[in-house]
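Atoms within each ligand, like the ligands themselves, are counted from 1 in listed order. Nothing here was measured: the structure is a model prediction, and the numbers come from that model.
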Amino acid sequence: MLSEWIELSLESTAPTSRGGKLPGGTYTLHAAGVLELTPTECRSEAHACVLSAGIHGNETAPIELLGECLARLEAGLLALGAPVLMILGNPEAMRRAERYVNTNLNRLFRRDLDESGMEPDRARLLMRAVDDFFSRYPEHERLHYDLHTAIRDSRYPRFAVEPFAETATRHEQWRWLAAADIQAVLHQHQHSWTFSHYSKHHHQAQAFTLELGRALPFGHNDLAPLAPMARLLEALLEGRKPSGDTPERMRFFRVAHELMRHSEDFRLCFADDTPNFTEFAPGTQLAEDAEAGSFVVESEPLSVVFPNAAVELGARAALLARPAPAPTDPG
Ligand SMILES: [Zn+2]
């Protein structure tokens, strides 16, 4: 059953079984694309883990990565040692192989959400699932990795976005991400209503959005570069302490500015296929908006991340970032 969970979620077939046994514990299907794994015994290093993928339906590599973890669990190659909530974010968009159906799900994770429609309903269901899951494990350190792939090339194909929230990121997280071959980290500078932000802001979880290469269709992903990330996920599933490496292996950036689209008449002044983290020198014009005017890089260079001129009005068309120092170990 476990290894078929992803196919079942894609086929919209109501599963005959709502739960069952697996090596080291049990599983419960709470809703389409919401699977909880409960260990018979938690190991002492166990975190309460939320692992999500498919928040954007066409980002398939992380879905395959979670599928591999489940297959290894079911085959007895891994023994469950931590509570885990696995989530396929937007099954309807996954079925259509599209980023979303009506609107970008990854901006809707706010408790005062008053929008209606498929994606807002899905966001409410997922927020409830996360609330219920973390409330069952009040004693455990909380963790949420929301796994994505990017729609463009990147100077750093694998990078972490650290949501802005009060909870401090523990130093060990940087060490784990470095060992998982994450190449860069982008610190957010203000609240942004993503899924990983939700868990960090409302549940004090150690939380990241992880970008794991380019978005490609099912069956076209090369999972080899993600093997170190798979090792990290497996350690979390087993409740073991993951391996670490020096955070200085990664490049750190902090968001300096958000480029917003204000009008229909809006364009970005660089090529459509510009890779993430491309740096622009002072004096370069980056955007032209009929309402907001032009945006020009001022005194220091800016690196562009997630540019997308086709976003909805009032949404973010790009993040602009500057290098930041690697975090030091507080000891
Ligand atoms: Zn995504």
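The other residues sharing a hydrophobic cluster with V297 are L259, F266, L268, F270, F280, L286, F295, L302, V304, L320, where clustering joins ILVMFWY side chains under 4.5 Å apart.
For H56, the N/O/S atom at the shortest distance from the Zn ion (ligand 1) is named ND1. Looking at H148, its N, O or S atom nearest to the Zn ion (ligand 1) turns out to be ND1.
Salt bridge annotation for R249-D181: present, with a cationic side-chain nitrogen under 4.0 angstrom from a carboxylate oxygen.
In the hydrophobic clustering of ILVMFWY residues, with side-chain heavy atoms under 4.5 Å counting as a link, Y27 and L126 come out apart.
For E211, every N, O or S atom stays at 2.8 Å or more from the Zn ion (ligand 1).
A donor-acceptor pair shorter than 3.5 Å cannot be found between the side chains of E162 and Q173.
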